[in-house]
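Reminder, nothing fancy here: chain letters follow the sequence lines and each chain counts from 1.
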Amino acid sequence: MNDNQIKNVERIRKALLKWYHLNSRKLPWRESKKPYDIWVSEMMLQQTQVNTVIPYFYRFLEKFPSIQSLAASDLQPVLKLWEGLGYYSRARNFHKAAKIVVEQYGSVIPDDRDRFLALPGVGEYIAAAVLSIAFDRPLAVVDGNVKRVFARLFEIDAPVNVSASYKIFKVFANDLLDIDDPGTFNQAVMELGALVCKPTKPDCGICPLSKYCQALKNEHVEAFPGKKKKSPVPHYFMAVGVIFKGDKVLIVRRPEEKMLGGLWEFPGGRLQAKEKAENACARIIAEKVNLNVAIESKLTRIQHAYTHFKITADIFICTLVSGRVRRNGPTDHQWVYLNALEKYPFPGSNHKFISKLIKERAK
DNA sequence: AACTCGGGGAC
DNA sequence: GTCCCAGAGTT
């Protein structure tokens with residue numbers, strides 16, 4: 001920062017905090033100062049918008065109101081509460097961290113940076129957020145909002161989606177941080193980014209920092225922050241089988257350490273080159289669960305987008321011809337009635353056809 | 001430093 | 001359709 005910017009620091013702080021006190025949203029986790037509650041909210045909020053998190057936050061705290069209750073649970077109920085929220089490693093890591101806090105720290109969440117940061121699922125952002133909000137520690141958060149606000153305010157041209165840029169934004173965040181009330185300051189910057197200094201069509205007309213904003217002064221606010229372009233994602237075709245044995249269907253559990261780890265799904269996989277989906281379905285089921293099945297009909301086709309690829313999947317109704325389940329890949333399996341499916345956590349892609357499956361079968 | 005990991009809201 | 005979201009862990 002140059003001298004002029006340093007001179008403005010105190011005025012920027014004051015204007016931001018005043019705006020925050022008048023305009024901040026009333027959010028459920030702002031009603032609490034319990035470290036556990038704050039931690040739950042921050043785990044859910046990473047890469048996830050506020051309005052998406054709110055109902056999950058209420059349900060999670062109702063079922064697991066304390067770190068002891070979370071640590072005492074099996075993983076499956078935790079994943080069930082996380083179902084649909086995505087990035088399931090957050091739930092797995094939080095569950096692991098809760099066990100560590102209970103077993104190693106007497107159920108008291110550590111309030112120093114090094115020990116808290118060492119817990120699974122806790123990175124620099126979560127550590128700064130929880131410790132500043134719950135324990136008033138002077139640690140500045142650097143998230144997507146913070147990078148966008150400061151990139152515009154000071155015309156920082158480091159691309160926000162490149163890891164090396166992090167430490168550049170961190171310097172600005174720490175210089176601006178209000179050490180008398182770091183938790184409120186951190187939330188104020190993020191709130192400004194969410195409500196005013198938005199990615200597109202920022203409301204500079206009502207921004208409390210407009211007169212300090214370098215990018216606005218130079219009339220190119222939306223040119224900031226800079227971003228590195230990402231390559232397009234591949235598109236895969238898949239086949240999935242709903243295998244009936246009487247009135248029960250086969251579901252399998254995914255390995256915990258991988259994508260969608262610990263969740264349940266109907267067995268499926270990718271088509272080989274020029275392979276027909278029906279043939280792929282039978283082949284994949286033979287490979288993964290060692291069953292010989294007959295394809296009865298096509299239930300539906302679904303599209304789904306993940307972060308790094310997209311899929312088109314054909315879902316087939318199958319009947320068991322012969323064989324007993326021998327798993328090659330899945331870590332567990334169950335034959336279940338359709339009305340029991342709701343007890344298991346499934347990925348979003350499976351929910352795109354489960355409702356249709358239940359509806360068709362009820363006819 | 002780049003890649004992996006979800007799902008949905010806003011446009 | 002695209003972009004982005006109160007990011008962390010792995011390689």
Problem - Nucleotide dG7(B), atom C1' - distance to CZ of Arg90(A) in whole Å - result: 9 Å
Handout entry: Lys/Arg-Asp/Glu bridge criterion (N-O < 4.0 Å) met for Arg113(A), Glu124(A)
Key = yes
Problem - Inter-nucleotide P distance (dC3(B), dA6(C)), Å rounded - result: 24 Å
Practice task
Determine the Euclidean distance between corresponding P atoms of dG8(B) and dA8(C); express it in Å to zero decimal places.
Solution key: 22 Å
Fill in the blank from the handout: Val162(A) has its side chain closest, among dG6(B), dA2(B), dG7(B), to dA2(B)
Practice task
Look at the side chain of Lys245(A) and the backbone N and O of Thr319(A), then say whether any donor-acceptor pair between them is shorter than 3.5 Å.
Solution key: no
Which side-chain N or O atoms in residues 43-50 of chain A pair as donor and acceptor under 3.5 Å with protein atoms at least two apart or in another chain?
residue	atom	partner	partner atom	Å
Thr48(A)	OG1	Met44(A)	O	3.4
Thr48(A)	OG1	Gln46(A)	O	3.0
Thr48(A)	OG1	Arg90(A)	NH1	3.1

Completion exercise
Lys352(A) NZ to dG7(B) P, in whole Å, measures 8 Å
Practice task
Answer yes or no: does a side-chain N or O of His308(A) lie under 4.0 Å from OP1 or OP2 of dC3(B)?
Solution key: no
Practice task
Examine Phe309(A) together with Tyr236(A) and report whether their ring centres are nearer than 6.0 Å.
Solution key: yes
Fill in the blank from the handout: Atom CD1 of Ile302(A) and atom P of dG8(B) are separated, to the nearest Å, by 12 Å
Handout entry: From Asp203(A) atom CG to Leu192(A) atom CG, the distance as rounded to the nearest 0.5 Å
Key = 10.0 Å
Problem - Whole angstrom value for the distance that separates C1' of dG6(B) from CD of Glu83(A) - result: 13 Å
Practice task
Between Thr200(A) and Gly84(A), name the one whose nearest nucleotide on DNA chain B is closer to the 5' end.
Solution key: Gly84(A)
Problem - Lys198(A) NZ - dC11(B) C1' separation (whole Å) - result: 11 Å
Fill in the blank from the handout: Going 5' to 3' through nucleotides 4-11 of chain C and flagging B where a protein heavy-atom sits under 4.0 Å of the base, S where only the sugar-phosphate is that close, and - otherwise, we get SBBBSS--
Practice task
Quick one: label Lys310(A) by what it contacts on the DNA or RNA (base, sugar-phosphate, nothing), any heavy atom closer than 4.0 Å.
Solution key: sugar-phosphate
Problem - Sequence neighbours excluded - salt bridge (Lys or Arg N to Asp or Glu O under 4.0 Å) pairs with any residue from residues 22-39 of chain A - result: Arg25(A)-Glu191(A), Lys26(A)-Glu31(A), Arg30(A)-Glu191(A), Lys33(A)-Asp136(A)
Practice task
Mind calculating the distance between NZ (Lys258(A)) and C1' (dT4(B)) to the nearest angstrom?
Solution key: 13 Å
Handout entry: Ile243(A) and its side-chain contact (heavy atoms from CB on, under 4.5 Å) partner, picked from Ile251(A), Ile285(A), Val325(A), Val321(A)
Key = Ile285(A)
Practice task
Pick base, sugar-phosphate or nothing for Lys228(A), based on heavy-atom distances below 4.0 Å to the nucleic acid.
Solution key: sugar-phosphate
Exercise for the section: Would you tell me if any nitrogen or oxygen in the side chain of Tyr306(A) comes within less than 4.0 Å of OP1 or OP2 on dT4(B)? Expected result: no
Exercise for the section: Report the distance from atom CH2 of Trp82(A) to atom P of dC5(B), rounded to the nearest whole Å. Expected result: 18 Å
Fill in the blank from the handout: Atom CG of Leu260(A) and atom P of dC5(B) are separated, to the nearest Å, by 9 Å
Handout entry: Side-chain donor/acceptor of Thr52(A) to base of dG9(B), under 3.5 Å
Key = no
